[in-house]
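First comes the structure, then the notes that go with it.
As the structure lists them, so they are numbered: ligands from 1, and atoms in each ligand from 1. In what follows, every heavy atom counts, from backbone to side chain, and hydrogens, waters and symmetry copies are set aside.
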Amino acid sequence: MKTKIVLLGPPGSGKGTQGEKLGSELGYTRLSTGDMLREAVRNGTPLGIKAKEFMDSGGLVPNDLIIGLMKEKISEVEGGVIFDGFPRTVEQADALEKEIEVDLAINLDVEDEELVARLTNRRSCPKCNAVYHLASNPPRKEGVCDKCGSALYQRDDDKAATVQNRLKVYRDNTFPLIAYYKNKGKLVTIMGVGSIDEIFAKVKKAVQ
Ligand code: AP5
């Protein structure tokens with residue numbers, strides 16, 4: 001089984017959803033820079049204070065902050081690991097290569113129209129980071145997390161205007177990583193459309 005896996009894909013392509021399943025069903029540790037940054041913002045840490053303005057506008061948090069954060073986390077992890085939302089720039093990918101050897105990059109491919117519909121309908125749990133979709137993956141009780149019972153919220157960057165900027169930022173900065181990992185012979189592209197379980201079956205096949 002592959003043990004060092006990068007999840008690539010535009011905002012809303014399902015990285016968090018599939019990464020969470022890889023964690024809960026196959027035992028990988030999921031390292032999500034987005035979740036770590038949102039927690040830092042909630043806790044008002046120095047990192048959170050610096051990151052907030054970039055996140056609110058849909059831009060990227062500066063490489064040096066992210067690379068420092070991930071180096072610390074990587075040193076603590078044992079066993080299989082899933083990188084969700086990292087790397088997002090070639091500079092971050094080069095920094096990751098210096099820390100560990102990536103076995104596989106899974107690129108979740110989804111059209112923009114579907115991404116916008118998913119993000120604007122997403123509701124997230126501030127406590128356990130579970131994500132829901134109002135139509136395709138609703139919580140059992142409206143507004144309440146199935147897993148931990150916390151009140152769900154809509155991320156500020158999931159509002160329509162910010163979503164468009166996040167898609168542009170993805171195209172300009174992160175899309176080149178598809179060629180980066182393809183050139184290393186480590187890329188698998190999976191169509192990220194269909195049921196969550198159908199996609200997970202393909203993800204599981206790729207990691208085995
Ligand atoms: P981050 O939290 O990483 O956001 P993102 O990459 O934009 O990804 P998302 O969390 O929006 O989407 P996802 O692909 O995980 O999709 P999900 O599974 O939730 O980053 C946020 C911000 O932090 C960035 O904008 C940036 O500012 C900063 N940041 C983070 N990392 C950084 C880095 N490395 N460098 C610099 N800055 C960084 O699914 C989306 C929705 O679709 C959900 O509602 C879900 O239920 C639904 N869904 C999932 N799969 C399906 C399906 N198959 N069919 C229908 N609906 C589905």
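Among all heavy-atom pairs drawn from Arg166 and Pro11, the shortest one is NH2-CB, 3.6 Å. Of all heavy-atom pairs spanning Cys148 and Cys128, the tightest one is SG-SG, 3.9 Å. Here the closest non-hydrogen pair linking Ala206 and Val188 is CB-CG1, 4.2 Å. Closest of all the heavy-atom pairs between Val116 and Val163 is CG2-CG1, 4.1 Å. When all heavy atoms of Ile196 and Gln18 are compared, the pair lying nearest together is O-NE2, 3.2 Å. Shortest non-hydrogen contact noted between Gly44 and Ile49 is O-CD1, 3.5 Å.
For atom 15 (O) of ligand 1, the closest non-hydrogen atom of the protein is Gly16 N, 2.8 Å. Of the protein's non-hydrogen atoms, Lys15 NZ, 3.3 Å is the one closest to atom 8 (O) of ligand 1. Gly12 N, 2.9 Å is the protein heavy atom nearest to atom 12 (O) of ligand 1. Closest protein heavy atom to atom 19 (O) of ligand 1: Arg122 NH1, 2.6 Å. The closest protein non-hydrogen atom to atom 31 (N) of ligand 1 is Thr33 OG1, 2.8 Å. In this structure, the protein non-hydrogen atom closest to atom 27 (O) of ligand 1 is Gly59 O, 2.5 Å. Among all protein heavy atoms, the one lying closest to atom 37 (N) of ligand 1 is Val61 N, 3.0 Å. Closest to atom 16 (O) of ligand 1, if we only count protein heavy atoms, is Gly14 N, 3.2 Å.
Both Ile66 and Val41 belong to a single network of hydrophobic side chains, linked directly or stepwise wherever heavy atoms of I, L, V, M, F, W or Y lie under 4.5 Å apart. No continuous path of ILVMFWY side-chain contacts below 4.5 Å connects Leu108 to Leu8, so the two sit in separate hydrophobic clusters.
With respect to Lys21 and Asp197, a salt bridge is recorded, a charged nitrogen being found less than 4.0 Å from a carboxylate O.
In Leu37, the part holding a heavy atom less than 4.0 Å from any atom of ligand 1 is the side chain. Looking at Tyr170 against ligand 1, nothing comes within 4.0 Å, counting heavy atoms. With a 4.0 Å cut-off on non-hydrogen atoms, Pro10 touches ligand 1 through its backbone and not its side chain. Contact annotation: for Thr17 versus ligand 1, heavy atoms closer than 4.0 Å belong to both the backbone and the side chain. Proximity of Asp35 to ligand 1, defined as any heavy-atom pair under 4.0 Å, is not found for any part of the residue. Looking at Asp158 against ligand 1, nothing comes within 4.0 Å, counting heavy atoms. Contacts between Ser136 and ligand 1 below 4.0 angstrom, taking non-hydrogen atoms only, involve the side chain exclusively. Residue Glu53 does not touch ligand 1, judged by heavy-atom distances below 4.0 Å.
Polar contact with ligand 1: absent for Phe86 (N/O pair, distance under 3.5 Å). At a 3.5 angstrom cut-off on N or O pairs, Gly194 counts as close to ligand 1. The N/O atoms of Arg155, backbone and side chain alike, include one that comes under 3.5 Å of an N/O atom in ligand 1.
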Next on the checklist: I'd like to know whether Glu99 forms a salt bridge (charged side-chain N to carboxylate O under 4.0 Å, His left out) with Lys73, so could you lay out the CA-CA distance, the side-chain angles of the two residues, the decisive distance to 0.1 Å, and finally the verdict.
Outcome noted: CA-CA 11 Å; Glu99 300 298 314; Lys73 295 288 173 190; over 6 Å; no

Checklist entry - Does the pair Asp112 and Arg171 meet the rule for a salt bridge (charged side-chain N to carboxylate O under 4.0 Å, His left out), with working shown? => result CA-CA 11 Å; Asp112 279 10; Arg171 282 192 291 270; 3.0 Å; yes

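Proximity to Arg38 (heavy-atom distance under 4.0 Å) selects the following atoms of ligand 1: 2 (O), 21 (C). Residue Leu119 has at least one heavy-atom neighbour below 4.0 Å for each of these atoms of ligand 1: 11 (O). Here is the list of ligand 1 atoms found below 4.0 Å of a heavy atom in His133: 44 (O), 46 (O).
Look at Gln18 and you'll find every heavy atom at least 4.0 Å from all atoms of ligand 1. Residue contacts with ligand 1 leave out Arg123, since none of its heavy atoms falls under 4.0 Å from the ligand. At least one heavy atom of Ser13 sits under 4.0 Å from some atom of ligand 1. Within the structure, the closest approach of Ala51 to ligand 1 does not fall below 4.0 Å when heavy atoms are considered.
Distance check: Ile74 CD1 to Thr29 OG1 gives 12.0 Å after rounding to the nearest 0.5 Å.
Using modelled atom types and a 3.5 Å distance limit, the side chains of Asp103 and Thr3 yield a donor-acceptor pair. Under 3.5 Å, the side chains of Thr89 and Asn63 contain a donor-acceptor pair of N or O atoms.
Applying the 6.0 Å contact sphere to CD of Glu101 captures no more than 12 heavy atoms from other residues, nucleotides or ligands.
In this structure, the side chains of Thr162 and Asp156 stay at 4.5 Å or more apart for every pair of heavy atoms.
Summarising the contacts of atom 24 (C) of ligand 1 with Met55, Glu198, Arg88, the nearest heavy atom is found in Arg88. Residue Arg118 holds the heavy atom nearest to atom 41 (C) of ligand 1 of all those in Arg118, Lys21, Gln92.
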